[in-house]
K.L.:
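Here you go, one structure.
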Amino acid sequence: MSLRPFHLAFPVHDLDQARAFYGGLLGCAEGRSSEEWIDFDFYGHQIVPHLSGDAGDRASNPVDGHDVPIPHFGAVLKMADWEALRDRLVEAGVEFIIEPTVRFRGKPGEQATMFFRDPSGNALEMKAFADDAMLFAT
């Protein structure tokens with residue numbers, strides 16, 4: 001079975017800020033757009049910020065000693081790409097919800113992870129595995 005891209009639409013307060021964040025800071029190529037939404041290529045997947053007043057839910061659940069925001073979305077990157085993005089976010093002064101760290105160290109599913117919010121408050125998690133076969137490890 002080949003992996004197909006996912007599609008995710010989510011609310012944002014300001015499309016210009018979304019364009020600067022997703023297109024500029026994260027480096028996602030822009031596709032179609034209107035005055036109400038923008039398509040971005042999010043690591044091979046289609047994400048679409050839509051202009052809305054409701055964004056940035058602040059609920060969370062505990063995971064491996066951290067309060068993980070829900071809802072959140074993100075991508076599983078190659079480790080070198082995760083490290084490069086981490087460095088770019090740190091250099092840009094992005095405030096992390098959960099600082100770049102290694103979760104489940106020494107256990108199945110060990111992963112590098114970081115959480116941050118877009119300008120509308122939507123939570124993102126970017127992660128990487130030293131061994132991609134551990135993605136669904138139990």
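Numbers here are sequence positions counted from 1. For clarity, every value in this text was computed on a predicted model and none was experimentally measured.
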K.L.:
If only atom types and distance count, is the side chain of R88 paired as donor or acceptor with the main-chain N or O of L25 below 3.5 Å?
P.N.:
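Side chain of R88 to backbone of L25: a pair is present.
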
K.L.:
Quick one: does any side-chain atom of Q111 pair with a main-chain N or O of G109 as donor and acceptor, under 3.5 Å?
P.N.:
yes

K.L.:
Give the minimum heavy-atom separation between D14 and S120, together with the two atoms involved.
P.N.:
N-OG, 4.0 Å

K.L.:
Test of understanding: clusters of I, L, V, M, F, W, Y form through side-chain heavy atoms closer than 4.5 Å, transitively. Do L124 and L89 belong to the same one?
P.N.:
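Same hydrophobic cluster.
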
K.L.:
Let's go through S33 and R19 carefully: what are the C-alpha distance in whole Å and the side-chain angles of both, what is the deciding distance for side-chain contact (heavy atoms from CB on, under 4.5 Å) to 0.1 Å, and is it a yes or a no?
P.N.:
CA-CA 10 Å; S33 66; R19 183 173 275 119; 3.9 Å; yes

K.L.:
With a 4.5 Å limit on heavy-atom distance, are the side chains of R117 and P69 in contact?
P.N.:
yes

K.L.:
Determine, stepwise, if the pair Q46 / R32 fulfils side-chain contact (heavy atoms from CB on, under 4.5 Å).
P.N.:
CA-CA 11 Å; Q46 184 189 48; R32 295 174 302 276; 3.3 Å; yes

K.L.:
Shared ILVMFWY cluster between L8 and V48, side chains joined below 4.5 angstrom?
P.N.:
no

K.L.:
side-chain contact (heavy atoms from CB on, under 4.5 Å), that's the test. Do V76 and W82 meet it? Break it down for me.
P.N.:
CA-CA 8 Å; V76 179; W82 183 91; over 6 Å; no

K.L.:
Tell me if the centroids of the rings in F10 and Y22 come within less than 6.0 Å of each other.
P.N.:
yes

K.L.:
State plainly whether one hydrophobic cluster holds both F21 and V90, where clusters connect Ile, Leu, Val, Met, Phe, Trp and Tyr through side-chain heavy atoms under 4.5 angstrom apart.
P.N.:
yes

K.L.:
Check L85, T101, V94, I98 against M114 for a side chain to side chain contact (heavy atoms under 4.5 Å, CB included) and give me the one that passes.
P.N.:
L85

K.L.:
Over all heavy atoms of both residues, which pair between Y43 and L26 is shortest? Give the atoms and the distance, please.
P.N.:
OH-O, 3.8 Å

K.L.:
For a quick test of reading the model, state the closest non-hydrogen atom pair linking P108 to F104 and the distance between them.
P.N.:
O-CB, 4.3 Å

K.L.:
Partners of H7 by ring-ring contact (aromatic ring centres under 6.0 Å, His included), sequence neighbours excluded?
P.N.:
none

K.L.:
With sequence neighbours excluded, what pairs up with D87 under the side chain to side chain contact (heavy atoms under 4.5 Å, CB included) test?
P.N.:
none

K.L.:
Over all heavy atoms of both residues, which pair between G74 and M126 is shortest? Give the atoms and the distance, please.
P.N.:
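Shortest heavy-atom contact: CA-SD, 4.0 Å.
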
K.L.:
Does the side chain of Q17 reach to within under 4.5 Å of the side chain of V12, using non-hydrogen atoms?
P.N.:
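Of all side-chain heavy-atom pairs linking V12 with Q17, none is under 4.5 Å.
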
K.L.:
State, to 0.1 Å, how close L15 and E36 come at their nearest heavy-atom pair, and which atoms those are.
P.N.:
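Nearest heavy atoms, L15 then E36: CD1-C, 3.6 Å.
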
K.L.:
Which atom pair, heavy atoms only, marks the closest approach of A123 to P71?
P.N.:
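Reported closest heavy-atom pair: CB-O, 3.7 Å.
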
K.L.:
Out of curiosity, does F115 fall in the hydrophobic cluster containing F42 (side-chain heavy atoms, cut-off under 4.5 Å, transitive links)?
P.N.:
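Hydrophobic grouping puts F42 apart from F115.
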
K.L.:
Check for me, please, whether L77 and F96 land in the same ILVMFWY cluster - side-chain distances under 4.5 Å, paths through other members count.
P.N.:
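Per the 4.5 Å side-chain linkage, L77 and F96 are co-clustered.
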
K.L.:
Using the ring of each side chain (for Trp, its six-membered ring), is F6 parallel, tilted or perpendicular to H45, with breaks at 30° and 60°?
P.N.:
parallel

K.L.:
With salt bridge (charged side-chain N to carboxylate O under 4.0 Å, His left out) as the criterion, how do R103 and E125 come out once you've worked through the C-alpha distance, each side chain's angles and the decisive distance to 0.1 Å?
P.N.:
CA-CA 12 Å; R103 178 190 294 159; E125 177 186 17; 3.3 Å; yes

